[in-house]
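Take a look at the structure below.
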2 protein chains.
Amino acid sequence: MQLNQATDYAFRAVLYLTRFGSEEVVNAQVIAEKEEIPMRFLLKIMRSLIKAGIVKSYRGVDGGYSLAKPPQDITLLDVLEAVEGPVKINRCLIEPEYCSKKWANHCPIHQVLNGIQSNLLNDLASCNFAQLTENI
Amino acid sequence: MQLNQATDYAFRAVLYLTRFGSEEVVNAQVIAEKEEIPMRFLLKIMRSLIKAGIVKSYRGVDGGYSLAKPPQDITLLDVLEAVEGPVKINRCLIEPEYCSKKWANHCPIHQVLNGIQSNLLNDLASCNFAQLTENI
DNA sequence: TTTAATGTATACTATATTTGTCTGGTTTTA
DNA sequence: TAAAACCAGACAAATATAGTATACATTAAA
């Protein structure tokens with residue numbers, strides 16, 4: 001029931017990029033040093049964020065990264081799902097075959113967890129990176 | 001960001017016991033078969049639930065388990081924490097030294113995650129096993 | 001009082017996941 | 001063309017998960 005380290009790094013990397021304009025490019029080494037993220041691991045994480053359309057990358061000399069859209073359009077949920085894939089606090093919520101009882105939607109636990117997960121997703125989706133930078 | 005299998009099994013085991021009176025003892029094999037939980041694994045999980053005061057055990061012939069308190073006093077959170085330990089959606093929320101930036105409470109991400117976690121704990125704590133059995 | 005049916009305790013193991021690293025590219029600018 | 005960046009995928013170590021095994025303790029009933 002825990003976010004993984006990669007997600008935590010991703011939050012910080014995106015938050016860092018938020019400080020710069022969408023046109024300003026920051027290279028991986030700077031992000032890695034400032035946010036204390038292992039460089040190679042950061043590169044890998046960034047690729048997930050690119051695939052999700054959260055950041056853009058620029059290759060070659062003076063290359064680096066910048067946000068692919070305004071920070072108010074990037075939520076914690078966006079970043080989380082980019083790194084970890086879809087949230088499912090219980091496997092059965094997405095893969096009913098994993099409930100060995102095959103109760104699927106009739107299972108009362110399933111139903112409650114479903115509601116709890118909805119709230120969680122809602123909370124994560126209602127926090128964007130423009131808000132986050134307001135009170136740094 | 002996922003409950004583990006043991007927790008899922010624990011939910012089902014407690015839900016199963018809820019069907020029986022507090023004085024009625026159900027043995028592990030019955031629970032394991034009915035809820036399709038690997039027997040030995042169930043025994044291990046039950047010990048966590050015992051330590052947390054959620055179930056009682058009876059040894060010897062005709063031994064087994066029963067709830068240690070009324071189902072309305074057992075929440076999803078109780079069971080979850082009995083099995084997995086305290087919830088921390090991000091390590092930094094409990095162990096600040098894990099934030100390599102040492103921002104601790106000044107970190108805006110930390111603050112937001114803290115709020116999200118509070119909501120989650122609240123949701124988990126507001127669902128008890130008496131409610132869960134109402135609509136089986 | 002012995003025996004069988006239980007749970008207890010702890011160590012062990014296999015697998016999956018996490019958290020990276022490594023090697024060898026490709027792209028871009030000067 | 002050379003250097004500075006990122007890309008892609010394989011690899012690897014550490015940790016966590018999901019169970020299993022062995023030996024033991026307790027209890028009820030014959």
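Only heavy atoms go into these numbers, but all of them, side chains included; no hydrogens, no water, no symmetry mates. Numbers restart at 1 for each chain; the letters A, B, ... are given by sequence-line order, proteins then strands.
- The phosphate of C/dT18 (OP1 or OP2) has no side-chain N or O of A/Y9 nearer than 4.0 angstrom.
- Listed nucleotides: C/dG20, C/dT18, C/dT8. Nearest to the side chain of A/P38: C/dG20.
- A straight line from CG of A/L3 to P of C/dT18 spans 11 Å, rounded to a whole angstrom.
- With hydrogens and angles disregarded, no donor-acceptor distance shorter than 3.5 Å links the side chain of B/T7 to the backbone of B/L3.
- Residues A/L67 and A/P71 meet the side-chain proximity criterion, which asks for heavy atoms closer than 4.5 Å.
- Position along DNA chain D of the nearest nucleotide to A/K44 versus A/I50 favours A/I50 as the more 5'-ward residue.
- Side chain of B/E84 to backbone of B/N4: a donor-acceptor contact under 3.5 angstrom is found.
- Per the geometry, CD belonging to A/E84 stands 11 Å off C1' belonging to C/dT17, to the nearest Å.
- The stretch residues 43-55 of chain A participates, sequence neighbours left out, in no side chain to side chain donor-acceptor pair (under 3.5 Å) pair at all.
- The interatomic distance linking A/E36 (CD) with C/dT19 (P) rounds to 17 Å, in whole Å.
- Distance, B/L43 CG to C/dT6 P: 12 Å, rounded to whole Å.
- A nucleotide of DNA chain D counts as in contact with chain B when one of its atoms lies under 4.0 Å from a heavy atom; the first and last such, 5' to 3', are D/dA18 to D/dA28.
- Formation of a donor-acceptor pair under 3.5 Å by the A/Q117 side chain with backbone atoms of A/I89 is found in this model.
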Legend entry - Per-nucleotide protein contact string for nucleotides 22-30 of chain C, where B marks a base within reach and S marks sugar-phosphate only (heavy atoms under 4.0 Å, - for neither): -B-BBBBB-
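- Residues passing the side chain to side chain donor-acceptor pair (under 3.5 Å) test with B/S57, sequence neighbours excluded: none.
- In this structure, B/L42 reaches neither bases nor backbone, as no heavy-atom distance under 4.0 Å exists between it and the strands shown.
- In this structure A/N128 satisfies the side chain to side chain donor-acceptor pair (under 3.5 Å) test with no other residue, sequence neighbours excluded.
- If you measure from atom CD1 of B/I45 to atom P of C/dT8, you get 13 Å, rounded to the nearest angstrom.
- By the 30° and 60° cut-offs, the orientation of the rings of A/Y9 relative to A/F41 is perpendicular.
- In this structure, B/Q29 atom CD and C/dA4 atom P are separated by 17 Å, rounded to whole Å.
- Taking a 4.5 Å side-chain heavy-atom cut-off between Ile, Leu, Val, Met, Phe, Trp and Tyr, the cluster of B/Y58 extends to B/V25.
- Rounded to an integer number of Å, the gap from B/F41 CZ to C/dA11 C1' is 16 Å.
- Between A/K88 atom NZ and C/dT17 atom C1' there is a gap of 13 Å when expressed in whole angstrom units.
- Of the side-chain N and O atoms in B/S57, one or more sit less than 4.0 angstrom from OP1 or OP2 of C/dT8.
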